[in-house]
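Single-structure report; data block below.
Note that these values count all heavy atoms, side chains included, but never hydrogens, waters or copies made by symmetry.
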Amino acid sequence: MSDVRVPCIPWYEAMWFVDHDGVIEDCFTEDFKTEEELLSFYELHKNDKEKYGWKITKRGYGFRVLKNYLKKRG
């Protein structure tokens with residue numbers, strides 16, 4: 001886990017899900033100080049077999065999403 005402590009406004013967050021120990025959709029997050037750190041982490045792990053449902057965001061006060069880096073396909 002990074003050394004970011006909220007509130008470090010804004011901050012960058014990677015969120016993903018993992019199914020393990022018979023529990024479906026365990027949610028994990030990792031916080032970053034910079035966009036570069038966030039995107040580097042995502043590029044390194046986006047194809048990990050056990051990780052899915054990624055949300056890569058820039059966050060602000062009240063955990064508000066300021067930017068979503070992954071566009072939803074509609």
### Message
Any side-chain to backbone donor/acceptor pair from Glu43 onto Ser40? Under 3.5 Å, distance only.
### Response
no
### Message
Can a donor-acceptor pair be found, under 3.5 Å and without considering hydrogens, that links the side chain of Asp48 to the backbone of Glu50?
### Response
no
#### Entry: Approximate separation, where rounding is to 0.5 Å, of Leu39 CG and Leu44 CG
12.5 Å
### Task
Under the side-chain contact (heavy atoms from CB on, under 4.5 Å) rule, what do Tyr42 and Leu70 come out as? Steps first, then yes or no, please.
CA-CA 11 Å; Tyr42 175 66; Leu70 301 179; 3.6 Å; yes
### Query
Looking at CH2 of Trp11 and CG of Leu38, how far apart are the two atoms once the value is rounded to the nearest 0.5 Å?
12.5 Å
### Lys55 vs Trp16, side-chain contact (heavy atoms from CB on, under 4.5 Å): CA-CA, chis, key distance, verdict
CA-CA 6 Å; Lys55 292 185 174 89; Trp16 65 92; over 6 Å; no
### Query
Does some side-chain heavy atom of Pro10 sit less than 4.5 Å from a side-chain heavy atom of Arg59?
no
### Task
Quick one: pull up NZ in Lys51 and CZ in Phe28 and give me the separation to the nearest 0.5 Å.
9.0 Å
### Query
side-chain contact (heavy atoms from CB on, under 4.5 Å) with Lys58: which of Lys67, Glu35, Glu13?
Lys67
### Message
Run the side-chain contact (heavy atoms from CB on, under 4.5 Å) test on Tyr12 and Ile56 for me, step by step, so that the C-alpha distance in whole Å, both residues' side-chain angles and the decisive distance to 0.1 Å come before the verdict.
### Response
CA-CA 8 Å; Tyr12 301 85; Ile56 305 299; over 6 Å; no
### Query
How many angstroms lie between atom CZ of Arg64 and atom OG1 of Thr57, to the nearest 0.5 angstrom?
12.5 Å
### Message
Please determine whether side-chain contact (heavy atoms from CB on, under 4.5 Å) holds for the pair Phe17 and Asp26, giving the CA-CA distance in whole Å, both sets of side-chain angles, and the decisive distance to 0.1 Å.
### Response
CA-CA 5 Å; Phe17 295 93; Asp26 283 348; over 6 Å; no
### Query
Mind checking whether Phe32 and Phe41 have parallel, tilted or perpendicular rings, split at 30° and 60°?
tilted
